[in-house]
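Residue indices begin at 1 and follow the sequence shown. Since we're looking at a predicted model, the values are computed, not measured.
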Amino acid sequence: MSATVTTTATTNHSRTAAVLTRAFAHDPVHTYIRCAVPSSTPAASFVTSLPHYNTIEACNFAAVAVWSLTGTLQLAPETDDATRAYEAAFEPVRKRWLAGKAYILLQWLARDPGREEKGVVRALLERIPGDAKPVWIEANTARARDIYLHLGWKVCQEVVLFEGLCRADGKPDVGGSGVTTWAMIKE
């Protein structure tokens with residue numbers, strides 16, 4: 001039996017944000033951003049961003065996917081410096097690998113860590129409309145990278161974020177190694 005996937009309505013942005021918040025609670029990039037911008041709350045940050053993207057969920061929010069069909073990250077004017085630094089690091093990588101092609105930017109793909117349904121991530125990925133466009137994602141952990149590799153993605157480039165500002169786990173540390181991430185594509 002395949003997972004039920006539905007498009008989320010604007011009224012469900014808070015549920016989508018709740019899944020993202022739980023799924024990225026220990027993600028090193030999000031850890032650094034939370035530490036660098038202590039006044040922001042993860043759920044509020046996600047809710048503020050969601051109206052700019054397409055969102056779907058599987059099995060009553062066991063997993064969610066958030067993407068842009070235009071292939072552009074839409075930063076709000078109030079976007080914090082850490083998120084802007086993240087985008088600045090990946091923008092030239094996208095330009096290099098996508099060379100002006102239309103593409104889908106898979107901004108967030110998350111499985112609720114408290115849920116056990118099988119196949120929900122795969123079901124979401126099957127519903128993102130690739131239509132001969134490449135789909136781009138940035139994996140923030142080796143585990144995420146390995147899952148995407150298993151699902152047919154390829155690594156384009158390794159990118160180290162926040163070098164000199166945090167450790168590999170995202171916790172602040174002057175002189176730290178930074179967070180290793182992976183730019184990935186599925187064509």
**Student:** Are I137 and V160 in one and the same hydrophobic cluster, where Ile, Leu, Val, Met, Phe, Trp and Tyr link if side-chain heavy atoms are under 4.5 Å apart?
**Tutor:** no
**Student:** Can you pull the side chain to side chain donor-acceptor pair (under 3.5 Å) pairs that have at least one residue in residues 147-157, sequence neighbours excluded?
**Tutor:** R96-Q157
**Student:** Given L109 and L106, is the side-chain contact (heavy atoms from CB on, under 4.5 Å) satisfied, shown in steps?
**Tutor:** CA-CA 7 Å; L109 178 62; L106 184 52; 4.3 Å; yes
**Student:** CG/L161 to CD/E138 distance, rounded to the nearest 0.5 angstrom?
**Tutor:** 8.5 Å
**Student:** Looking only at heavy atoms, which two atoms of A82 and F162 are closest? And how far apart?
**Tutor:**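 For A82 versus F162, the nearest heavy atoms are O-CE2, 3.6 Å.
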**Student:** With rounding to the nearest 0.5 angstrom, report the CG to CG distance, N54 to L105.
**Tutor:**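 If we round to the nearest 0.5 Å, N54:CG and L105:CG are 11.0 Å apart.
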**Student:** State the CZ-CD1 distance between F24 and I33, to the nearest 0.5 angstrom.
**Tutor:** 10.5 Å
**Student:** Taking all atoms of both residues into account, what is the closest heavy-atom pair of I56 and W67, and its distance?
**Tutor:**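 Scanning both residues, the minimum pair turns out to be CG1-CZ3, 3.6 Å.
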**Student:** Working note: D27 + T31, criterion side-chain contact (heavy atoms from CB on, under 4.5 Å); need CA distance, chi angles, decisive distance, verdict.
**Tutor:** CA-CA 6 Å; D27 174 277; T31 296; 5.6 Å; no
**Student:** Pairs of donor and acceptor atoms involving the side chains of residues 172-187, under 3.5 Å and at least two apart or interchain, shall be tabulated with distances.
**Tutor:**
from: T181; atom 1: OG1; to: V159; atom 2: O; distance (Å): 2.8
from: W182; atom 1: NE1; to: E158; atom 2: OE1; distance (Å): 3.4
from: K186; atom 1: NZ; to: L151; atom 2: O; distance (Å): 2.8
from: E187; atom 1: OE2; to: K101; atom 2: NZ; distance (Å): 3.4

**Student:** Under the salt bridge (charged side-chain N to carboxylate O under 4.0 Å, His left out) test, which residues partner D146, sequence neighbours left out?
**Tutor:**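 For D146 there are no salt bridge (charged side-chain N to carboxylate O under 4.0 Å, His left out) partners, ignoring immediate neighbours.
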**Student:** Identify the two heavy atoms, one from C59 and one from R115, that lie closest to each other, and give their separation to 0.1 Å.
**Tutor:** O-NH2, 2.7 Å
**Student:** Which atoms form the tightest heavy-atom contact between V19 and R111, and what is the distance?
**Tutor:**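 Looking at all heavy atoms of both residues, the shortest contact is CG1-C, 4.4 Å.
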**Student:** Between R94 (side chain only) and L98 (backbone N and O only), is there a donor and an acceptor less than 3.5 Å apart?
**Tutor:** no
**Student:** Under the criterion side-chain contact (heavy atoms from CB on, under 4.5 Å), I'd like the reasoning laid out for W136 against V93: C-alpha separation, chi angles, the key distance, then a yes or no.
**Tutor:** CA-CA 11 Å; W136 183 269; V93 178; 4.0 Å; yes
**Student:** So do the side chains of P28 and T141 get within less than 4.5 Å of each other, counting heavy atoms only?
**Tutor:**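 Yes - at least one pair of side-chain heavy atoms lies under 4.5 Å apart.
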**Student:** Does V120 offer a backbone N or O that forms a donor-acceptor pair with the side chain of E117 under 3.5 Å?
**Tutor:** no
**Student:** Could you check whether any side-chain N or O of R34 sits under 3.5 Å from a backbone N or O of A25, counting only pairs where one atom can act as donor and the other as acceptor?
**Tutor:** yes
**Student:** With rounding to the nearest 0.5 angstrom, report the CD to CG distance, Q107 to L20.
**Tutor:**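 Reported to 0.5 Å precision, the distance equals 9.5 Å.
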**Student:** So which atom in W97 and which in C156 form the shortest heavy-atom distance, rounded to 0.1 Å?
**Tutor:** CZ2-O, 2.9 Å
**Student:** Starting at CZ of R15, measure out to OG1 of T55 and round the result to the nearest 0.5 Å.
**Tutor:** 12.0 Å
**Student:** For a salt bridge (charged side-chain N to carboxylate O under 4.0 Å, His left out) check, start with the C-alpha distance between E126 and R122, then their side-chain angles and the critical distance, and finish with the verdict.
**Tutor:** CA-CA 6 Å; E126 289 171 356; R122 184 181 300 270; 5.1 Å; no
**Student:** Set out, in order, the CA-CA distance, both residues' side-chain angles and the distance that settles side-chain contact (heavy atoms from CB on, under 4.5 Å) for T16 and F61, then state yes or no.
**Tutor:** CA-CA 7 Å; T16 301; F61 293 88; 3.4 Å; yes
